[in-house]
Amino acid sequence: MHKKILSKHYKETIALGTRLAKYLKPGDIVCLFGELGSGKTSLTKGIAAGLNISSNKVSSPTFTLMNIYEGKCPLYHFDFYRIERPGELETFGLEEFLYDNGISVIEWADKLGDFLPKDFLGIKAKHVSDHERIFTLSAKDKRSREILKEIKD
Ligand SMILES: Nc1ncnc2c1ncn2[C@@H]1O[C@H](COP(=O)(O)OP(=O)(O)O)[C@@H](O)[C@H]1O
Ligand SMILES: [Mg+2]
C-alpha cells in the first residue's frame, strides 16, 4: 500500500508532519528517504510540532547522528547523511533507541542497509519544483500499515 501526498508549500509539509504525529505512538519508526532539500527535515519539524515540540528546535543533527527532543513523548531524530557504510553504525546502539519509549524519525534511512528495522513507516520525499514536494508513504509491516490507514490523503 502506498499513498502519495503533494505538498505545495513548506507550511503544507509542516501540516502533514503534524497530522502524521497524531497517529504515532512510542516505539513507532518513521524512515525518511530522498535527496538533500527534498523536505525530510521540514517534515520532521512538523512531526515535532505535533508532539508539542517547538519546530525551530529541530535541525538536522549533522555532527551527532541524533538529537533527542522532549515532547508528549521523546522524539529521536536521526540523520545518517554522513554515514558511508552501514557497518559504521554497529557500535551506535540504534536499537536501544528504536524500541525505547519514544518516536524515531530517521533521515537518510537508506544508509542503514541491513540495519533497517523490520517495521517502519517509509516516506520518500521528492523535489518537484521550488515549492512542491511529493511524499510517498509506504508501510513495511503490521504497525506501519495501521498508521498508513489512518492518514487520509
Ligand atoms: N513544499 C515544501 N515542503 C518542504 N520544504 C519546502 C517546500 N517548498 C520549499 N521548501 C524548502 O525546501 C527546503 C527543504 O529542506 P529540508 O527540509 O532541510 O530538506 P532535507 O532534510 O530533505 O535536506 C527548505 O529550504 C524549505 O524551505
Ligand atoms: Mg535534513
Shared hydrophobic cluster, [X] / [Y] (ILVMFWY, side-chain heavy atoms < 4.5 Å):
| X | Y | answer |
| --- | --- | --- |
| L6 | I151 | no |
| M66 | Y81 | yes |
| M1 | I134 | no |

Next on the checklist: The criterion is side-chain contact (heavy atoms from CB on, under 4.5 Å); which residues satisfy it with P86, sequence neighbours excluded?
Outcome noted: F115
Next on the checklist: The criterion is side-chain contact (heavy atoms from CB on, under 4.5 Å); which residues satisfy it with A139, sequence neighbours excluded?
Outcome noted: S144, R145, L148
Going by side chain to side chain donor-acceptor pair (under 3.5 Å), name the residues that satisfy it together with [X], two or more places apart in sequence or in a different chain.
| X | value |
| --- | --- |
| S104 | none |
| N101 | none |
| T41 | S60, E107 |
| K118 | D141 |

Next on the checklist: Do I106 and F80 have side chains that approach each other closer than 4.5 Å (heavy atoms only, starting at C-beta)?
Outcome noted: yes
Next on the checklist: I'd like to check V58 versus H77 (side-chain heavy atoms, cut-off strictly below 4.5 Å). Are they in contact?
Outcome noted: yes
Spacing of [atom1] belonging to [X] relative to [atom2] belonging to [Y], to within rounding of 0.5 Å:
| X | Y | atom1 | atom2 | value |
| --- | --- | --- | --- | --- |
| T44 | D79 | OG1 | CG | 8.5 Å |
| L32 | W108 | CG | CH2 | 11.0 Å |
| L24 | I103 | CG | CD1 | 5.0 Å |
| T18 | I47 | OG1 | CD1 | 8.5 Å |
| I83 | D110 | CD1 | CG | 12.0 Å |
| N67 | L75 | CG | CG | 9.0 Å |

Item to check | Inter- and intrachain pairs under salt bridge (Lys or Arg N to Asp or Glu O under 4.0 Å), touching residues 20-45, at least two apart | outcome: D28-R143
Next on the checklist: Applying salt bridge (Lys or Arg N to Asp or Glu O under 4.0 Å) as the test, list every pair that has at least one member in residues 85-105; sequence neighbours left out.
Outcome noted: none
Please tabulate, for side-chain N and O atoms in residues 8-17, each donor-acceptor pair with protein atoms closer than 3.5 Å (sequence neighbours left out).
| residue | atom | partner | partner atom | Å |
| --- | --- | --- | --- | --- |
| H9 | ND1 | K11 | N | 2.9 |
| E12 | OE1 | K8 | N | 2.9 |
| T13 | OG1 | S7 | OG | 2.7 |

Is it true that a side-chain atom of [X] and a backbone atom of [Y] form a donor plus acceptor pair closer than 3.5 Å?
| X | Y | answer |
| --- | --- | --- |
| K57 | A48 | no |
| K111 | E84 | no |
| R133 | I5 | no |

Item to check | Worked check of side chain to side chain contact (heavy atoms under 4.5 Å, CB included) between L94 and L112 | outcome: CA-CA 10 Å; L94 177 67; L112 282 172; 3.5 Å; yes
Can you give the donor-acceptor pairs under 3.5 Å from side chains of residues 120-131 to other protein atoms, not counting sequence neighbours?
| residue | atom | partner | partner atom | Å |
| --- | --- | --- | --- | --- |
| S129 | OG | E132 | OE1 | 3.1 |

Item to check | ring-ring contact (aromatic ring centres under 6.0 Å, His included) involving F33 - partner list, sequence neighbours excluded | outcome: none
Checklist entry - What orientation do F97 and F78 show, parallel under 30°, tilted 30 to 60°, or perpendicular over 60°? => result perpendicular
